[in-house]
Amino acid sequence: RAYGQNTTVSVDGLIRPTQPLTVSYLMSTSLTRGGGGEGVAGHVQASYSTNQFFVSSSHSLITARYRPDMGFVARQDLVYHNQYGYLIWRPSWKPKFIRSIEPDFGAETYQGASDGRFQEGVYSVSPLFLLLQTGGIVYFKLEHNRQNLPVDFNPIGILIGRGNYRYNRLEARFTTDPSGKLYFGSTASTGGYFNGTLRRVEASVRYSPSAHAALSLDGEYNRLRGVGLNQVSQSAWLLGPELRLSLNPRVQLTAFYQYSSAARLARWNVRASWEFQPLSYVFLVFNELDNSRLDSRQQQTIAKASYIKQF
């Protein structure tokens with residue numbers, strides 16, 4: 001269906017009645033000439049932060065007919081609730097390399113705005129969360145997932161049947177100082193995934209010898225067992241090295257490569273940028289997509305220049 005003129009009117013604000021308490025809100029409505037796009041959306045969040053703890057509660061509403069044509073919304077006809085909090089604990093007996101102990105909890109709930117029906121929820125708790133003196137972190141998380149699927153869907157190339165799913169997952173993460181010359185971070189998780197199981201390992205290494213250069217390598221491995229209507233079992237990995245070079249803040253070069261074993265796709269993205277004067281740029285971009293499954297290769301080169309005259 002073709003739409004005519006679309007108008008979105010929004011109001012947002014932030015209120016801080018006291019130093020620890022912050023309340024933010026957004027209210028928006030969309031109007032479309034000819035009908036079909038008259039809806040409302042809103043968001044409100046309240047948080048309370050001290051040196052001992054932090055808690056927040058946020059709530060969002062997007063009606064089925066809310067349609068901001070100049071932007072986008074991830075999902076319509078939705079009510080979303082998010083509660084989160086953590087403790088900031090610095091007992092006298094903690095080792096010196098630990099800055100604080102910060103166990104946390106989180107709860108995310110999705111409902112239909114028109115019928116109030118529960119759609120999905122993710123509820124987690126981290127009984128062990130350590131913030132290190134270096135800025136690194138160590139945590140262990142327990143997660144419970146609930147999914148009510150009204151129709152079959154295909155998120156990762158595997159058909160998952162409609163129905164109600166309940167499953168639990170465990171996750172652990174470790175990172176070093178993110179501002180150091182050499183950085184390492186890794187996350188491992190295991191547990192249920194809809195009607196099957198999923199094991200995942202992610203790792204990232206970055207070396208920054210100077211402010212002008214950084215080389216990183218990201219990897220991910222997934223092992224699925226008994227997932228979907230066809231009880232699919234498969235393993236896949238994703239690899240992505242990246243190089244960033246900068247002559248100065250105005251002249252930069254970025255080269256990124258990614259390979260997916262599941263899709264048998266290899267991607268190149270190389271971008272050079274030059275800010276020849278404030279807010280005015282020249283971009284050169286090269287993209288390549290190599291599909292081993294179809295024995296095809298696509299290449300693309302883009303040049304773009306933007307100029308802003310300030311008076």
Side-chain angles (χ1 to χ4, degrees), residues 41-43 45 55-66 72-86 103-129 139-174 185-203 218-238 260-265:
H43 172 80
Q45 179 179 17
V55 291
S56 73
S57 181
S58 62
H59 309 270
S60 301
L61 166 69
I62 305 173
T63 63
R65 295 169 65 88
Y66 179 71
F72 71 96
V73 291
R75 293 163 65 171
Q76 292 174 308
D77 192 20
L78 176 70
V79 176
Y80 171 70
H81 310 280
N82 184 316
Q83 287 75 41
Y84 175 70
Y86 60 88
D104 67 12
F105 72 91
E108 296 181 76
T109 304
Y110 299 80
Q111 298 174 262
S114 57
D115 57 11
R117 181 182 176 183
F118 178 86
Q119 296 179 352
E120 62 179 287
V122 181
Y123 311 100
S124 64
V125 59
S126 298
L128 176 65
F129 191 111
Y139 74 70
F140 177 74
K141 180 168 70 174
L142 308 172
E143 184 179 275
H144 176 67
N145 292 261
R146 295 188 176 189
Q147 300 277 348
N148 290 354
L149 303 180
V151 296
D152 299 348
F153 86 127
N154 187 349
I156 53 174
I158 298 175
L159 184 62
I160 297 176
R162 65 180 181 179
N164 300 330
Y165 297 89
R166 307 289 185 269
Y167 56 92
N168 300 310
R169 296 190 56 78
L170 306 176
E171 180 178 295
R173 180 166 174 79
F174 167 76
S186 181
T187 304
S189 61
T190 185
Y193 184 74
F194 292 96
N195 62 325
T197 62
L198 168 64
R199 293 182 179 178
R200 171 179 293 171
V201 178
E202 303 173 56
D218 296 326
E220 180 180 323
Y221 173 76
N222 294 279
R223 181 177 180 267
L224 292 163
R225 292 294 181 266
V227 177
L229 293 175
N230 299 320
Q231 298 287 297
V232 175
S233 296
Q234 68 179 32
S235 299
W237 54 272
L238 188 69
S260 169
S261 65
R264 297 177 63 185
L265 289 176

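Bear in mind that the values here come from a model prediction, so they are computed numbers and not experimental data.
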Asks: Out of curiosity, Glu202 CD to Ser189 OG, how far, rounded to the nearest 0.5 Å?
Replies: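 These two atoms lie 7.0 Å from each other.
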
Asks: Are any non-hydrogen side-chain atoms of Phe140 and Leu170 less than 4.5 angstrom apart?
Replies: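 Touching, per the 4.5 Å side-chain cut-off.
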
Asks: Locate the shortest heavy-atom distance separating Arg223 from Ser235; write the atom from each residue and the value.
Replies: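 Distance-wise, the nearest heavy atoms are CG-OG, 3.7 Å.
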
Asks: Taking Ser57's backbone N and O only, do any of them form a donor-acceptor pair with Gln83's side chain (distance below 3.5 Å, no angle check)?
Replies: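 Absent.
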
Asks: Testing the basics here: between Ile160 and Tyr165, what is the closest heavy-atom pair and its distance to 0.1 Å?
Replies: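 Reported closest heavy-atom pair: CG2-OH, 3.7 Å.
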
Asks: Would you check, one step at a time, whether the test side-chain hydrogen bond (donor to acceptor under 3.5 Å, both in side chains) holds for Ser126 with Asp104?
Replies: CA-CA 5 Å; Ser126 298; Asp104 67 12; 2.9 Å; yes

Asks: Just how far is it from atom CZ of Arg65 to atom CG of Asp77, taken to the nearest 0.5 Å?
Replies: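 If we round to the nearest 0.5 Å, Arg65:CZ and Asp77:CG are 12.0 Å apart.
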
Asks: Just verifying a value: how many Å separate Tyr66 OH and Gln76 CD, rounded to the nearest 0.5 Å?
Replies: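 One gets 10.0 Å once the value is rounded to the nearest 0.5 Å.
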
Asks: From Thr109 OG1 over to Glu120 CD, what is the distance, rounded to the nearest 0.5 angstrom?
Replies: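 Interatomic distance, Thr109 OG1 to Glu120 CD, rounded to 0.5 Å: 9.5 Å.
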
Asks: Should Asn82 and Tyr80 be marked as a side-chain hydrogen bond (donor to acceptor under 3.5 Å, both in side chains) after you check the CA-CA gap, both sets of side-chain angles, and the distance that decides it?
Replies: CA-CA 7 Å; Asn82 184 316; Tyr80 171 70; 2.8 Å; yes

Asks: Measure across Ser261 and Ala236 and return the closest heavy-atom pair with its distance rounded to 0.1 Å.
Replies: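 What the structure gives for the nearest pair is OG-CA, 3.4 Å.
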
Asks: List the atom of Tyr167, the atom of Gly192, and the distance in Å for their closest heavy-atom pair.
Replies: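 Of all heavy-atom pairs spanning Tyr167 and Gly192, the closest is CD1-O, 3.1 Å.
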
Asks: Looking at every non-hydrogen atom in both residues, tell me the closest pair between Asn148 and Pro150 and how far apart they are.
Replies: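 Where Asn148 meets Pro150 most closely, the heavy atoms are O-CD, 3.4 Å.
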
Asks: For the residue pair Tyr123 and His144, does the interplanar ring angle fall in the parallel (under 30°), tilted (30 to 60°) or perpendicular (over 60°) class?
Replies: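 Taking His144 first and then Tyr123, their aromatic rings lie parallel (interplane angle under 30°).
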
Asks: Looking at Arg173, I want to see if its CZ is surrounded by more than 12 non-hydrogen atoms of other residues, nucleotides or ligands under 6.0 Å.
Replies: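 Yes.
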
Asks: Calculate, to the nearest 0.5 Å, the distance between atoms CG and OG belonging to Leu224 and Ser233 respectively.
Replies: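 Between Leu224 CG and Ser233 OG, I get 8.0 Å after rounding to 0.5 Å.
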
Asks: Please walk me through it: do Tyr139 and Glu171 pass side-chain hydrogen bond (donor to acceptor under 3.5 Å, both in side chains)?
Replies: CA-CA 8 Å; Tyr139 74 70; Glu171 180 178 295; 2.5 Å; yes

Asks: Using 0.5 Å steps for rounding, measure from the CG atom of Leu61 to the CG atom of Leu78.
Replies: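 So the gap between those two atoms works out to 8.5 Å.
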
Asks: Can you check whether Arg162's main-chain N or O pairs, donor with acceptor, with Asp152's side chain at less than 3.5 Å?
Replies: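 Judged by distance alone, yes, a pair lies under 3.5 Å.
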
Asks: Decide yes or no on side-chain contact (heavy atoms from CB on, under 4.5 Å) for Asn222 and Glu220, but give the supporting numbers first.
Replies: CA-CA 7 Å; Asn222 294 279; Glu220 180 180 323; 2.8 Å; yes

Asks: Evaluate the ring planes of His59 and His81, with Trp represented by its six-membered ring, and classify them as parallel (under 30°), tilted (30 to 60°) or perpendicular (over 60°).
Replies: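 Answer is perpendicular, since the angle exceeds 60°.
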
Asks: Going through the distances and angles, do Phe194 and Leu149 end up as a side-chain contact (heavy atoms from CB on, under 4.5 Å)?
Replies: CA-CA 10 Å; Phe194 292 96; Leu149 303 180; 3.9 Å; yes

Asks: Of all the heavy-atom pairs spanning Asn164 and Arg166, show the shortest one and how long it is.
Replies: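 Closest approach of Asn164 to Arg166: CB-NH1, 3.9 Å.
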
Asks: Determine, stepwise, if the pair Gln147 / Asn145 fulfils side-chain hydrogen bond (donor to acceptor under 3.5 Å, both in side chains).
Replies: CA-CA 7 Å; Gln147 300 277 348; Asn145 292 261; 5.0 Å; no

Asks: Does Ile62 offer a backbone N or O that forms a donor-acceptor pair with the side chain of Arg75 under 3.5 Å?
Replies: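 Not at all, since once roles are kept as given, no pair shorter than 3.5 Å links the two residues.
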
